Structures are given as C-alpha cells and as structure tokens.
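Notes for the one structure printed next.
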Amino acid sequence: MSSYLKLVRIHNVVGAALGDFTGYVVASEWRFDIKSIILSILIVALVAAGGYAINDVYDIEIDKINKPDRPLPSGKIKLKNAVILSYATMIIGVFLSIFLGYIQFLIALITAVLLFYYAKSLKRQGLPGNLVVALTTAFSIFYGGVAFFQGSWLERVIIPTVYSFLLTLGREFVKGIEDYEGDKTYNVKTLATTLGIKNAWKISRIVLISMLIISPLPLLLGFNVFYIIILIPFFYFTLRAILSETTSKGGGYARGFLKVSAFLGMIAFIIGSLPIYILV
Ligand SMILES: CC(C)=CCC/C(C)=C/CC/C(C)=C/CC/C(C)=C/COC[C@H](O)COP(=O)(O)O
Ligand SMILES: CC(C)=CCC/C(C)=C/CC/C(C)=C/CC/C(C)=C/COP(=O)(O)OP(=O)(O)O
Ligand SMILES: [Mg+2]
C-alpha cells in the first residue's frame with residue numbers, strides 16, 4: 001500500500017465514509033439525492049484523511065519509538081509533504097461542504113478544527129482527547145443525516161450517532177489502557193495513566209455495558225428485524241472486548257474486537273433502516 005494511503009489510514013477513512021453512508025440511509029430511509037450523498041461522503045473522507053495525516057505530523061517523535069514503521073518516522077514521507085496534505089484535504093473538504101449549506105459547512109469546519117487541536121494538544125490531555133475522537137467519529141454518522149436534511153432526519157440520525165459516540169468513547173478508553181506503558185513514559189494523561197489500569201477498565205466496561213443495554217432500543221424506534229439479527233454478532237464481539245483480561249494486553253484485544261463491533265454496528269443500522277417494502 002502506498003505510503004500516502006498509510007499516512008491517511010485509508011481503512012479508517014473508508015470506515016468514516018461508511019459512517020456517513022450509514023447516517024444518510026438511516027435519516028433518508030433509503031431515499032437518495034445523489035449530489036448530497038456523494039458530496040457528504042467526499043467531505044467526511046477528506047476531513048478524516050486530514051485528521052489522520054495531521055495526527056501523525058504531531059505524533060512523529062512518539063511514533064519514532066512506538067510506531068517506527070509509520071510513513072513519517074520511517075522517512076518514507078517528508079514532514080513538509082504530510083503537513084501540506086493534511087491542510088489540503090481538510091481545506092478542500094470544508095470548502096466542498098459550502099455546497100451543502102451553512103449548517104453542513106459549520107459542522108465540517110468545527111470537526112476539522114477539533115481534529116487539528118486533538119493532534120496538536122488535546123490527545124495528550126486524556127479525557128478531552130477521548131471525547132473529541134468519540135464526538136468527531138459520531139459526527140461522521142451525523143453528517144450523513146445533516147446532508148439529507150429532510151423530514152425527520154434529525155430524530156432518526158441521532159440514534160446511530162449516540163451509539164457511535166458511546167462505542168468509540170469506550171474504545172478510546174481501552175486504547176489508552178493498551179498504550180499505558182508508552183503513555184506513562186511520555187506523561188500522556190489517559191484514564192489508565194491517571195486512575196490506574198483497573199479503574200480505567202471499570203469505566204470502559206460501564207460505558208460499553210450501558211451501550212449494550214440500550215442497543216435493542218432501535219427495534220422499538222422503527223428499525224426492521226435485521227437490525228436485531230446483526231446485533232447478535234455485534235453483541236458477541238462487544239462482550240469479547242468487555243471480558244478481555246484487565247491488563248494492557250487485554251486492552252489491545254478489546255481495541256480489535258470493538259473495531260469489528262463498529263463495522264457490524266454500521267451494517268446493523270444500514271440494513272436495519274431498509275424500508276419493509278424493499279425487504280418483502
Ligand atoms: C448498538 C450499535 C449497533 C452500535 C453501533 C455504533 C456505530 C454505528 C459505530 C460506528 C463508528 C464509526 C463511524 C466507525 C468508523 C471507523 C472510524 C473512523 C473509527 C474512529 O477511529 C478512531 C481511531 O482513529 C481508530 O483507531 P485505530 O484504527 O485503532 O488507530
Ligand atoms: C463530520 C466530518 C466532516 C468528518 C468526520 C471525520 C471523522 C470520521 C473523524 C473521526 C475519526 C478521526 C479522523 C479521528 C482523528 C483522531 C485520530 C487520528 C485518532 C487516532 O490517532 P491516535 O489517537 O494518535 O492513535 P494512534 O495514532 O496511536 O492510532
Ligand atoms: Mg497517533
């Protein structure tokens with residue numbers, strides 16, 4: 001894979017774009033306005049790509065130790081080129097959002113600024129950084145809804161948006177548990193380095209179990225039976241994460257399990273929002 005695709009973490013950019021698609025079909029009940037769906041997917045992908053690139057720019061020193069194979073610490077991409085790429089993708093993404101409307105422009109601008117400050121400083125402040133990643137990830141879902149912007153789009157898209165926030169917040173906490181040793185060395189404040197691994201696991205489990213408890217609710221809110229069917233493997237992987245050993249190593253396993261949960265969750269909402277007349 002090209003170093004530039006690695007720099008923008010193309011697999012996460014595709015995930016973010018799928019998040020936008022999820023929000024769009026949930027909000028629109030599978031009605032499409034080609035311009036708004038294509039534009040919103042492009043905007044989310046560009047802003048996410050810029051968010052990952054600027055993250056590596058500010059992480060270059062710590063990544064020389066923790067992730068020396070990444071494009072910047074390994075020298076495969078010059079720092080100047082990564083900075084240009086991150087600004088270019090974010091500016092183009094925010095510029096394109098103007099064609100959707102001023103609310104869509106504002107959300108894209110706020111997300112871009114949040115991702116920049118996450119990389120610059122918030123990441124090293126622990127909980128604020130976790131909240132920013134959870135919020136901006138949830139924004140990728142919400143953005144699909146705000147791009148459709150018709151009928152009951154808000155009441156509908158807020159559902160996967162809230163679940164995405166909770167799942168990603170719990171996942172950010174377990175990522176902090178996994179990175180405990182490196183973060184302790186570099187004095188990065190996370191739940192794990194400030195409260196200890198056991199307490200960080202307790203809080204992560206409370207967030208994830210709360211999300212699991214309310215996860216069947218969408219069935220009562222008009223989503224079809226396929227939502228519940230796909231929730232079965234979603235439950236399996238999320239429970240595997242919750243039941244991981246209460247150590248840093250367990251945090252690493254939980255991070256992987258929750259990534260699978262995130263994609264299963266999007267599929268649950270995508271298929272679960274198909275109108276019944278299409279299914280029968
Ligand atoms: C109850 C239920 C069905 C919940 C589903 C919740 C849901 C819809 C989650 C989707 C979250 C989402 C939009 C994921 C897309 C992938 C992505 C951009 C995740 C955020 O990434 C943060 C971090 O950069 C990735 O970490 P890593 O790759 O391990 O470095
Ligand atoms: C709503 C709009 C217009 C866009 C949404 C854009 C999205 C999906 C943002 C959420 C995902 C994202 C790009 C997060 C950026 C923060 C980030 C790079 C987290 C992972 O990096 P680190 O926290 O440094 O962890 P590692 O580098 O060790 O993986
Ligand atoms: Mg990083």
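Residue numbers start at 1 and run along the sequence shown. Just so it is clear, the model here is predicted, and its values are computed rather than measured. Whatever order the structure lists them in is the order used to number ligands and atoms, beginning at 1.
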Val94 side chain near Phe105 side chain, heavy-atom distance below 4.5 Å: yes
Asp59 near the Mg ion (ligand 3): N/O/S under 2.8 Å: yes
Thr168 N/O to ligand 1 N/O under 3.5 Å: no
Ring center gap for Trp153 and Tyr24 short of 6.0 angstrom: no
Ser210 side chain near Ile206 side chain, heavy-atom distance below 4.5 Å: yes
N or O pair under 3.5 Å between Glu172 and ligand 2: no
Asp69/Lys6 ion pair, N-O < 4.0 Å: no
Tyr58 OH: over 12 foreign heavy atoms closer than 6.0 Å: yes
Closest protein heavy atom to atom 28 (O) of ligand 1, given as residue, atom name and distance to 0.1 Å: Lys259 NZ, 2.7 Å
Pro275 to Glu29 - nearest heavy-atom pair and separation: CG-O, 3.4 Å
No-hydrogen, no-angle side-chain donor-acceptor test under 3.5 Å, Ser244 and Arg255: no
Plane angle bin for Phe21 and Phe32 - parallel if under 30°, tilted between 30 and 60°, otherwise perpendicular: parallel
Per-atom contacts, ligand 1 versus Ala262 - under 4.0 Å to a heavy atom: 9 (C), 10 (C)
Numbered atoms and elements of ligand 2 in range of Ala16, under 4.0 angstrom, heavy atoms: 8 (C)
Sub-4.0 Å atoms of ligand 2 with respect to non-hydrogen atoms of Leu115: 14 (C), 15 (C)
Protein heavy-atom partner closest to atom 7 (C) of ligand 2 - residue, atom, separation in Å: Thr136 O, 3.7 Å
Minimum heavy-atom distance Pro218-Ile159, with the two atoms named: CG-CG2, 3.8 Å
Residue, atom name and distance, where the atom is the protein heavy atom closest to atom 11 (C) of ligand 1: Ser164 OG, 3.4 Å
Atoms in ligand 2 flagged as close to Lys175, the criterion being non-hydrogen separation under 4.0 Å: 20 (C), 25 (O)
Lys67: numbered ligand 2 atoms lying under 4.0 Å from its heavy atoms: 26 (P), 27 (O), 28 (O), 29 (O)
N or O contact, Thr137 vs ligand 1, cut-off under 3.5 Å: no
Atom 10 (C) of ligand 1: nearest protein contact (heavy atom, Å): Met266 CG, 3.6 Å
Protein heavy-atom partner closest to atom 11 (C) of ligand 2 - residue, atom, separation in Å: Tyr52 OH, 3.5 Å
Mode of Asp20 contact toward ligand 2 - side chain, backbone, both, neither (heavy atoms, under 4.0 Å): neither
Ligand-residue contact atoms, ligand 1 with Ser215, heavy atoms, under 4.0 Å: 1 (C)
Identity and distance of the protein heavy atom lying nearest atom 27 (O) of ligand 2: Arg9 NH2, 2.9 Å
Per-residue contact class, Asp59 against ligand 2 - non-hydrogen pairs under 4.0 Å: side chain
Heavy-atom side-chain contact between Thr238 and Met211 under 4.5 Å: yes
Asp56 N/O to ligand 2 N/O under 3.5 Å: no
Asp59 bridged to Lys67 by N-O distance under 4.0 Å: no
Which segment of Tyr227 sits under 4.0 Å of ligand 1 when only heavy atoms are counted: side chain
Closest non-hydrogen atom pair between Phe165 and Leu131, with its separation: CZ-CD2, 3.9 Å
Residue part near ligand 2, for Asn55, under 4.0 Å between non-hydrogen atoms: side chain
Which residue and heavy atom of the protein sit nearest atom 21 (O) of ligand 1, plus the separation: Tyr52 OH, 3.2 Å
Thr137 and Ser140: side chain donor to acceptor below 3.5 Å: no
Atom 30 (O) of ligand 1 - nearest protein heavy atom and its distance: Arg255 NH2, 2.9 Å
Options Phe263, Phe234, Phe139, ranked by nearest heavy atom to atom 4 (C) of ligand 1, top entry: Phe234
Identity and separation of the nearest protein heavy atom to atom 24 (O) of ligand 2: Lys123 NZ, 2.8 Å
Atoms in ligand 2 flagged as close to Phe139, the criterion being non-hydrogen separation under 4.0 Å: 1 (C)
Side chain, backbone, both or neither: Arg255 near ligand 2, heavy atoms under 4.0 Å: side chain
Subset of ligand 2 atoms that lie under 4.0 Å from at least one heavy atom of Tyr118: 16 (C), 17 (C), 19 (C), 22 (P), 23 (O)
OG on Ser164 to CZ on Phe139, rounded to 0.5 Å: 11.0 Å
Side chain, backbone, both or neither: Ser140 near ligand 1, heavy atoms under 4.0 Å: side chain
Basic-acidic side-chain contact under 4.0 Å: Glu181, Lys184: no
Any N/O pair Asn12/ligand 1 closer than 3.5 Å: yes
The Mg ion (ligand 3) contact by Tyr58, N, O or S atom under 2.8 Å: no
Identity and distance of the protein heavy atom lying nearest atom 5 (C) of ligand 1: Gly265 CA, 3.5 Å
Check: Lys175 N/O within less than 3.5 Å of ligand 1 N/O: yes
Closest non-hydrogen atom pair, Trp30 against Ser273: NE1-OG, 3.1 Å
Minimum-distance pair of heavy atoms, taken over all atoms of Leu7 and Arg70: O-NH2, 3.6 Å
Residue portion contacting ligand 1 (non-hydrogen atoms closer than 4.0 Å) for Ile141: side chain
Per-atom contacts of ligand 1 with Arg9, taking only distances under 4.0 Å to non-hydrogen atoms: 30 (O)
NZ/NE/NH1/NH2 to OD/OE distance under 4.0 Å, Glu172 and Lys175: yes
Per-atom contacts of ligand 2 with Thr137, taking only distances under 4.0 Å to non-hydrogen atoms: 10 (C), 11 (C)
Heavy-atom check, side chain of Ser215 versus side chain of Phe235, under 4.5 Å: yes
Polar atom proximity, Thr111 to ligand 2 (N or O, under 3.5 Å): no
